[in-house]
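Only one structure is covered here, and it is reproduced in the block below.
Order of the sequence lines fixes the chain letters, A, B, ..., with proteins taken first and strands second; residue numbering starts at 1 for each chain.
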Amino acid sequence: MSNEAAEKNSVLMEKIVSLCKRRGFIFQSAEIYGGLNGCWDYGPLGAELKRNLKEYWWRKNVQEREDILGLDGSILNHQDVLKASGHVGGFSDPMCDCLLSNARLRADQIDPQTGTVYWFTGASHAESEWSVEKEYGVLTTGNEDENKARKTAKQFYAKFLSDKQISPKKLELAGERSEEVAETTQFNPENGSLLTEAREFNLMFKTHMGASADDDDESSVAYLRPETAQSIFVQFKNVVDSNRIKLPFGIAQIGKSFRNEINPRNFTFRSREFEQMEIEYFCRPEDGLALTDEWLERRLTFYEEIGIPREHLHVLDIPDGERAHYSQKTYDIEYEFPFGIQELEGVAYRGNYDLTKHKEHSKKSIEYVDQEAGEKLLPHVVEPSAGCDRTILAMICEAYEEETITGDKGKEETRIVMRFDPKMAPIKVAVLPLLKNKPELVEKAREIQALLTPFMNVSYDETAAIGRRYRRQDEVGTPFCVTIDFDTIGESGDELKDTVTLRERDSMKQERMAISDLREFLLDRVR
RNA sequence: GCGGGUGUAGCUCAGUGGUAGAGCGCGACCUUGCCAAGGUCGAUGUCGUGAGUUCGAAUCUCAUCACCCGCUCCA
């Protein structure tokens with residue numbers, strides 16, 4: 001992305017964030033207390049939008065399928081579940097920082113080095129009577145000599161100088177000694193500088209069960225789940241036993257998950273609390289790869305159905321070596337966000353890794369029993385795991401449009417319109433009496449509101465000029481507006497009596513429609 | 001975590017030490033008429049938070065929180 005394009009997209013993203021707040025889609029969590037890093041609240045319209053997405057996903061993936069069942073697992077997870085899954089221990093990365101360049105490295109990815117370390121205890125500058133005492137070391141390898149180490153050390157100590165005019169070369173090093181080391185990972189391979197001690201970043205939220213549990217009582221430890229998937233694996237046997245279901249079949253779940261992200265970024269994209277929509281689709285080992293491809297296609301179709309076109313999605317076939325070791329195939333479905341192409345969903349073929357781990361750790365028999373074939377097996381699984389909040393954000397970014405329109409008087413103006421798919425739109429129809437100081441119009445409008453409310457989310461607005469009200473609805477993506485005028489109440493004769501103006505969001509076209517036809521017409525388009 | 005930037009009304013922003021501002025939006029009323037700019041009236045601020053300097057701080061200093069950008073990270 002060029003700088004110019006990045007700047008443009010950054011401005012676009014700011015406008016989207018601003019609209020989300022202004023119209024009540026998304027607010028910063030605890031804003032009046034200064035905000036809570038990485039957490040967001042959905043306002044009235046955001047809550048509607050999210051419900052629409054989740055309900056549609058559930059309908060398509062659970063209710064309309066005989067082979068997929070739903071689950072709603074607890075958010076608090078038993079520590080043994082996450083030990084078995086590898087999240088405890090494995091879900092943290094030891095990191096260290098370079099003392100010289102501040103670069104951050106993963107401690108487990110540093111190649112061990114052998115060479116001579118030159119240690120120093122501090123440095124001073126005689127002319128300005130400045131000095132610092134701090135242990136520091138530089139590793140030299142191969143044919144590098146001690147002068148290189150001294151130069152590096154001076155650069156390090158110069159970081160503590162208050163007078164930046166003093167050249168690092170003018171510093172006097174103190175307490176030099178050398179040491180031979182082998183296979184060390186304490187030094188930055190790039191520049192030989194000493195690193196900080198490796199620090200653990202545990203990415204899970206840990207808590208203690210029981211109101212009187214002690215903080216250092218290890219047995220009371222529980223975790224907020226880092227993914228919804230584990231309860232599906234853990235309850236696999238119960239689901240099988242309580243339902244007459246045969247392979248292949250899936251278990252689906254929508255719910256909150258929590259990760260202590262080091263660096264939350266990009267509005268709601270990387271949040272510490274987020275919602276997932278996951279399916280674990282269990283199958284025979286020989287069907288896994290083909291089903292992975294099938295699920296990828298099905299998921300791409302889903303995004304199209306909710307208004308995210310295929311051409312704004314990218315499929316990343318994760319190459320060997322970058323996938324989790326147990327995965328034979330993984331696709332990432334990515335969307336072109338203004339801040340870059342980023343992952344919405346992963347479709348991963350996980351083999352039977354998870355069930356195997358839970359069988360081992362629980363020491364319970366959780367195999368699937370195939371009565372007909374007379375065999376027991378741990379099925380393989382394909383996991384389409386979608387980010388709900390990320391999908392919402394993609395829908396918002398995709399819907400946002402600034403349209404330049406030329407008005408009657410030839411002047412150009414900008415119309416901000418959210419082109420949500422009508423199925424997803426938070427408000428389906430706005431009911432607008434042309435004037436609010438005419439009781440007959442208001443009364444008729446209230447009747448139409450009452451007529452439609454049981455079937456869809458309706459908004460009633462009688463303030464301001466009619467054009468302004470249309471634009472307000474455009475900004476929140478309401479696909480239809482119904483306007484009640486004097487013809488509706490029979491002022492122009494019986495032919496137009498009980499008809500209204502129906503205005504469509506995207507085209508801004510208007511048509512006259514009988515009130516009695518409204519419900520069916522709208523339901524056909526907003527479900 | 002590092003570096004840079006930002007934080008003032010609902011939104012966008014002006015305000016470089018001396019009375020807190022503008023535009024838009026919002027609310028009420030008027031308006032027989034359909035794509036935001038007709039009229040009248042009105043409400044709104046711990047100037048992100050906390051400390052310090054000062055007779056006096058939105059403004060200067062320090063700390064802190066949040067957001068944005070670039071690194072880094074993302075099982």
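When atom types are taken as modelled, the side chain of A:Q473 and the backbone of A:C481 share no donor-acceptor pair closer than 3.5 angstrom. A distance-only check finds a donor-acceptor pair linking the side chain of A:R469 to the backbone of A:L434 [under 3.5 Å]. Not a single donor-acceptor pair under 3.5 Å links the side chain of A:E401 to the backbone N or O of A:R419. No side-chain donor-acceptor contact under 3.5 Å links A:E280 to the backbone of A:I232. Judged by distance alone, with hydrogens and angles left aside, the side-chain atoms of A:T391 form a donor-acceptor pair with the main-chain N or O of A:G387 at under 3.5 Å.
The aromatic ring of A:F486 stacks onto the base of B:U32, its centre lying under 5.5 Å from the centre of the six-membered base ring with the two planes under 30° apart.
Nucleotide B:G21: paired with B:C13 (Watson-Crick or G-U wobble, both distances less than 3.5 Å). Under the Watson-Crick or G-U wobble criterion, with both distances below 3.5 Å, B:U32 has no partner in any strand shown. Summarising the base pairing, B:C41 is matched to B:G27 through a Watson-Crick or G-U wobble pair whose two defining distances lie under 3.5 Å. The partner of B:G3 is B:C69, by the rule that a Watson-Crick or G-U pair needs both atom distances under 3.5 Å. Pair check for B:A63 finds B:U49; Watson-Crick or G-U wobble, both atom distances under 3.5 Å.
Across the P atoms, B:U19 and B:C11 are found 26 Å apart, a figure rounded to whole Å. Here, B:U46 and B:U12 have their P atoms 16 Å apart, quoted to the whole Å. Between B:G48 and B:G15, the two P atoms lie 15 Å apart (nearest whole Å). Annotation: B:C69 and B:U16 have their C1' atoms spaced 26 Å apart (nearest Å). Here the separation of B:A14 from B:A58, taken at their C1' atoms, is 12 Å to the nearest Å. Across B:U44 and B:A20, the matching C1' atoms stand 12 Å from one another, rounded to whole Å. When the P atom is used for both B:C60 and B:C47, the distance is 15 Å, rounded to whole Å. Comparing the P positions of B:G42 and B:A22 gives a spacing of 14 Å, expressed to the nearest Å.
Heavy atoms of A:R503 sit under 4.0 angstrom from at least one base atom. Residue contacts shown for A:Q28 are limited to sugar-phosphate atoms, with no base heavy atom under 4.0 Å away. Counting non-hydrogen atoms under 4.0 angstrom, A:D474 reaches nothing in the nucleic acid. Using a 4.0 Å heavy-atom cutoff across all strands shown, A:K15 reaches no nucleic acid atom at all. Counting any heavy atom pair closer than 4.0 Å across all strands shown, A:Q510 reaches a base atom.
Picking from B:C71, B:C67, B:U32 the nucleotide with the shortest atom distance to the side chain of A:K438 gives B:U32. Checking B:C69, B:C35, B:A37 against every side-chain atom of A:Y470, the shortest atom distance belongs to B:C35. When the nucleotides B:C69, B:U31, B:C34 are ranked by their closest atom to the side chain of A:T483, B:C34 comes out on top. Across B:C34, B:U31, B:C35, the shortest atom-to-atom separation from the side chain of A:R471 is found for B:C35.
In this structure, the CG atom of A:N266 is 16 Å from the P atom of B:C74, given to the nearest Å. Spacing between atom CD1 of A:I32 and atom P of B:A9 amounts to 15 Å, rounded to whole angstrom units. The nearest whole Å value for the distance from the CZ atom in A:R265 to the C1' atom in B:C67 is 10 Å. Atom pair A:L441:CG and B:U31:P shows a separation of 13 Å (rounding to whole Å applied). Atom CZ in A:R272 sits roughly 17 Å away from atom P in B:C73 (whole-Å rounding). Between the CG atom of A:N263 and the P atom of B:A66 there is a distance of 11 Å, given to the nearest Å. Counting to the nearest Å, the C1' atom of B:C67 and the CG atom of A:L36 are 13 Å from each other. Between the CD atom of A:E31 and the C1' atom of B:G7 there is a distance of 11 Å, given to the nearest Å.
Comparing A:R472 and A:R512 along RNA chain B, the residue whose closest nucleotide (by nearest heavy atom) sits nearer the 5' end is A:R472.
Using cut-offs of 30° and 60° on the angle between ring planes, the pair A:F339 and A:F337 is parallel. Ring planes of A:Y349 and A:H380: tilted class, angle from 30 to 60°.
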query: Between A:Y303 and A:H312, does a ring pair (Phe, Tyr, Trp, His ring centres under 6.0 Å) hold up when you go through it step by step?
result: CA-CA 10 Å; A:Y303 288 110; A:H312 291 172; over 10 Å; no
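Less than 6.0 angstrom separates the ring centroid of A:F236 from the ring centroid of A:F282. Taking the six-membered ring where the residue is Trp, the centroids of A:W295 and A:Y331 are separated by 6.0 Å or more.
Residues A:E402 and A:Y400 share a closest heavy-atom pair of OE2-OH, 2.7 Å.
Of the charged side-chain nitrogens involved, none lies within less than 4.0 Å of a carboxylate oxygen, so that A:E504 and A:R525 do not count as a salt-bridged pair.
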Atom pairs, protein N/O to nucleotides 62-65 of chain B N/O, distance under 3.5 Å:
unit_1	atom_1	unit_2	atom_2	d
B:C65	O2'	A:G34	O	3.3

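Counting atom types as modelled, A:D485 pairs a side-chain N or O with a base atom of B:C34 as donor and acceptor under 3.5 Å.
Residues from residues 16-26 of chain A with heavy atoms under 4.0 angstrom of RNA chain B, sorted by number: A:S18, A:K21, A:R22.
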